[in-house]
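One structure is given below, encoded as structure tokens.
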Amino acid sequence: MKENTKTTFASVFEEDVYKGLTSFPKYLLSKYFYDKKGDKLFQEIMNLPEYYLTNCEYDILDKNTREIAHKFNSTNGFDLIELGAGDGKKTKLLLKQLINDNVDFTYLPIDISQNALDDLEASLHEEIPGLLVKTQQGTYIKTLEKLADYNSRKKVILVLGSNIGNLLHEDAISFLKQIQSAMGPEDMLFMGFDQKKNPQTILDAYNDPTGVTAAFNKNILHRINTELKGDFDVDSFLHWETYDPETGTAKSFLVSKIPQVVKIKSLDLKINFDAWETIHTEISQKYDDAIVRWLAKEANLQVTSSFTDEKEYYKNYIFRN
Ligand code: AVI
């Protein structure tokens, strides 16, 4: 097998894995956590007591449903567009309020997973009769391009779960800019940002004692084994989390406990690992008002209001043009 010479790839996944594992230091992209097993593990993470993000955001939406629904409403009705809708548990709080208030709106949940959308649509029909739903399957980027077409009436764009935290600031700004360019003067962006807090609380959220987060992180190696014919000995890697309270950046790593050589057949690649060498797999950025305002300014957006939970662990901000 040759080393580091491949230039043609059968898929973007192949290319990204090749690039990441032939770089120094090694890395893999966190978007590849999410195959069927990864989706399931992430659902489990969201139910962990240590993973406070989900409960905090649920509380924020639960305690402020009326006020938020009121801010979203407009005389000519609106389209509520959710990027990365998932199971919609938190959004249902808002949807129920809007239906109870007889508001004229259509819910457009967007997700990469058609399965997730089908399940969501079925549960919405059952739980919230009368709700107008138009699901859209696709990546954020592709769908954002389409968003500009929904120009007939006010758009409210929802991005929950602090998903933006998995992007470096530079990429977060590009993401916000893309949303901004699809927004008219009446439109709103409602987005969740996990906040800086006691570093131990953050470390615990990403390093649960039951090992679900470790399994989630290691799932990327299982994916390489099954999809790219790799031979990672997954148990010889350690899940490791760091948090830098100065930058607010939590980072996940997989650390090789032994010196080893891993082969990936589909990539015609052999990768050498020294003992304790790392693969960086994810960032989960934590924010404060100053960082959020800076990101907004860079993307030509303005923060017009925000909502937080009792402990101020998490915040949802409303942005406008
Ligand atoms: C999806 N995303 C916001 C999660 C996070 O908190 O960064 C993914 C995750 N990684 C480990 N635990 C949860």
Side-chain angles (χ1 to χ4, degrees), residues 33-49 51-140 142-144 146-147 149-150 152-163 179 187-192 212 216 307 309 314 316 318:
F33 288 154
Y34 303 91
D35 62 352
K36 219 171 172 204
K37 192 171 147 216
D39 285 348
K40 212 179 139 264
L41 287 166
F42 184 53
Q43 286 293 330
E44 281 181 48
I45 288 176
M46 289 194 290
N47 289 321
L48 290 171
Y51 194 73
Y52 57 84
L53 287 81
T54 318
N55 284 340
C56 287
E57 194 169 45
Y58 187 91
D59 279 356
I60 293 170
L61 294 176
D62 193 26
K63 298 226 166 69
N64 302 284
T65 333
R66 269 170 189 281
E67 193 182 337
I68 297 167
H70 182 72
K71 282 191 191 293
F72 287 0
N73 202 356
S74 102
T75 36
N76 299 319
F78 69 97
D79 287 325
L80 183 63
I81 301 159
E82 180 166 13
L83 302 184
D87 68 0
K89 193 176 158 207
K90 292 172 279 191
T91 315
K92 282 175 187 167
L93 291 167
L94 283 173
L95 299 174
K96 283 179 186 158
Q97 182 73 43
L98 290 163
I99 289 287
N100 284 342
D101 293 349
N102 277 321
V103 174
D104 169 21
F105 77 106
T106 303
Y107 176 49
L108 299 123
I110 293 159
D111 207 281
I112 187 84
S113 156
Q114 186 62 49
N115 266 344
L117 287 171
D118 292 344
D119 291 351
L120 175 63
E121 198 171 12
S123 74
L124 286 170
H125 283 315
E126 204 179 296
E127 288 171 46
I128 318 178
L131 175 71
L132 286 173
V133 188
K134 277 190 204 162
T135 61
Q136 296 253 352
Q137 190 271 330
T139 61
Y140 282 4
K142 287 241 168 70
T143 346
L144 282 170
K146 279 197 233 161
L147 275 187
D149 300 341
Y150 290 100
S152 51
R153 58 181 187 171
K154 177 177 171 178
K155 285 190 287 290
V156 178
I157 300 161
L158 282 187
V159 189
L160 303 181
S162 201
N163 286 342
I179 297 179
D187 297 347
M188 285 177 174
L189 168 64
F190 183 88
M191 198 182 259
V212 181
F216 178 65
F307 302 86
D309 56 290
Y314 194 96
N316 289 86
I318 295 186

Got a second to check how far [X]'s [atom1] is from [Y]'s [atom2], nearest 0.5 Å?
| X | Y | atom1 | atom2 | result |
| --- | --- | --- | --- | --- |
| Q136 | L83 | CD | CG | 10.5 Å |
| L53 | L160 | CG | CG | 12.0 Å |
| F216 | F33 | CZ | CZ | 5.5 Å |
| L117 | D111 | CG | CG | 5.0 Å |
| K92 | L120 | NZ | CG | 6.0 Å |
| L80 | K155 | CG | NZ | 12.5 Å |

Minimum heavy-atom separation for [X] and [Y], please, with both atom names.
| X | Y | value |
| --- | --- | --- |
| S113 | A116 | OG-N, 2.9 Å |
| E121 | V133 | OE2-O, 4.2 Å |
| A69 | L94 | N-CD2, 4.3 Å |
| I112 | Q137 | O-NE2, 2.7 Å |

Pairs of donor and acceptor atoms involving the side chains of residues 54-61, under 3.5 Å and at least two apart or interchain, shall be tabulated with distances.
| unit_1 | atom_1 | unit_2 | atom_2 | d |
| --- | --- | --- | --- | --- |
| E57 | OE1 | K90 | NZ | 2.8 |
| E57 | OE1 | G161 | N | 2.8 |
| E57 | OE1 | Y314 | OH | 3.3 |
| E57 | OE2 | G161 | N | 3.4 |
| E57 | OE2 | Y314 | OH | 2.9 |
| E57 | OE2 | N316 | ND2 | 2.9 |

Is it the case that more than 12 heavy atoms not belonging to H70 sit under 6.0 Å from its NE2 atom?
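Count not over threshold, so no.
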Can you list the steps and then say if D118 with Q114 is a side-chain hydrogen bond (donor to acceptor under 3.5 Å, both in side chains)?
CA-CA 6 Å; D118 292 344; Q114 186 62 49; 2.9 Å; yes
Measure the shortest side-chain to side-chain distance between [X] and [Y] over non-hydrogen atoms and say whether it is less than 4.5 angstrom.
| X | Y | answer |
| --- | --- | --- |
| N115 | D39 | no |
| E127 | L95 | no |
| Q97 | I68 | no |

After noting the C-alpha distance and the side-chain angles of L108 and T135, does the key distance pass the side chain to side chain contact (heavy atoms under 4.5 Å, CB included) rule?
CA-CA 5 Å; L108 299 123; T135 61; over 6 Å; no
Under 3.5 Å donor-acceptor, [X] side chain and [Y] backbone:
| X | Y | result |
| --- | --- | --- |
| K154 | F72 | yes |
| D101 | V103 | no |
| D79 | I81 | no |

Where do D87 and D119 land on the side chain to side chain contact (heavy atoms under 4.5 Å, CB included) test, with the steps shown first?
CA-CA 8 Å; D87 68 0; D119 291 351; over 6 Å; no
Start with the C-alpha gap between V212 and N47, add the side-chain angles, then the distance that decides, and say whether side chain to side chain contact (heavy atoms under 4.5 Å, CB included) holds.
CA-CA 10 Å; V212 181; N47 289 321; over 6 Å; no
Within residues 82-119 or reaching into it, pairs that qualify as ring-ring contact (aromatic ring centres under 6.0 Å, His included) - sequence neighbours excluded:
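For residues 82-119: F78-F105.
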Check the pair R153, D104 against side chain to side chain contact (heavy atoms under 4.5 Å, CB included), reporting the backbone distance first and the verdict last.
CA-CA 11 Å; R153 58 181 187 171; D104 169 21; 3.3 Å; yes
